[in-house]
Amino acid sequence: MAVPQLTDAECDTLLAAHPRWAVAREGKAIERTFKFADFSEAWGFMNRVALLAEAHDHHPEWFNVYNRVEITLTTHDAGGLSERDAVMAAAIDALFNGA
């Protein structure tokens, strides 16, 4: 079953609520870079995000080098951004801000 893609207005709302995320892939994804004190902190954050992803059954694309974690959210079943991405962005932001 296909997941509905966010409308332009819903994408605008998503970005307004999460201004540190940027549009990527011609509007089909959002991405954010997180920086930490060292590799251990970055890896710990990735572990916590992995648990969130499992709980939400929505898994990010990511890249890690030393103290930097780059996360991209998109919904392949929707062919772009969906409510799943908005929920994950909010959960990841809350995790990062609470760390």
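This one's a predicted model, so the numbers in the text were calculated from it and none came from an experiment. Just so you know, residue 1 is the first one in the sequence shown, and it goes up from there.
- A tilted orientation is assigned to the rings of F36 and F45, their planes being inclined by 30° to 60°.
- With values rounded to the nearest 0.5 angstrom, T33 atom OG1 is found 14.0 Å from W62 atom CH2.
- With sequence neighbours left out, R20 forms a side-chain contact (heavy atoms from CB on, under 4.5 Å) with R32.
- In terms of the side-chain contact (heavy atoms from CB on, under 4.5 Å) criterion, residue partners of S40 (sequence neighbours excluded) are, by chain and number, D38.
- Across C11 and L81, no two heavy atoms sit closer than the pair SG-CD1, 4.0 Å.
- By the salt bridge (charged side-chain N to carboxylate O under 4.0 Å, His left out) test, E61 pairs with R25, sequence neighbours left out.
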Donor-acceptor contacts under 3.5 Å from residues 52-60 side chains, at least two apart:
residue, atom, partner, partner atom, Å
E54, OE2, H59, NE2, 2.7
H58, NE2, D85, OD1, 2.7

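- Two residues are said to be in side-chain contact when any heavy atoms from C-beta on lie closer than 4.5 Å; H18 and I92 fail this criterion.
- Within the model, atoms CD of E41 and OH of Y66 stand 9.5 Å from one another, a figure rounded to the nearest 0.5 Å.
- No donor-acceptor pair under 3.5 Å is formed between the side chain of T72 and the backbone N or O of E31.
- With sequence neighbours excluded, the residues forming a side-chain contact (heavy atoms from CB on, under 4.5 Å) with N64 are F39, A42, W43, M46, V69, listed by chain and number.
- Looking at residues two or more places apart in sequence or on another chain, you find a side-chain contact (heavy atoms from CB on, under 4.5 Å) between E10 and L6, T7.
- Formation of a donor-acceptor pair under 3.5 Å by the Q5 side chain with backbone atoms of G79 is found in this model.
- Using the six-membered ring where Trp is involved, F34 and W21 have ring planes that are perpendicular, over 60° apart on the 30 and 60° scheme.
- Across all non-hydrogen atoms, the minimal contact from R68 to F63 is NH2-CE2, 3.7 Å.
- Put simply, CG on L14 and CD on E83 are 8.5 Å apart, with the number rounded to the nearest 0.5 Å.
- The closest donor-acceptor contact from the side chain of S82 to the backbone of R84 lies under 3.5 Å.
- We find the CZ-CG distance between R48 and L95 to be 5.0 Å, quoted to the nearest 0.5 Å.
- By the criterion of side-chain heavy atoms lying less than 4.5 angstrom apart, applied directly or through intervening Ile, Leu, Val, Met, Phe, Trp or Tyr residues, L51 is not grouped with V87; the two fall into different hydrophobic clusters.
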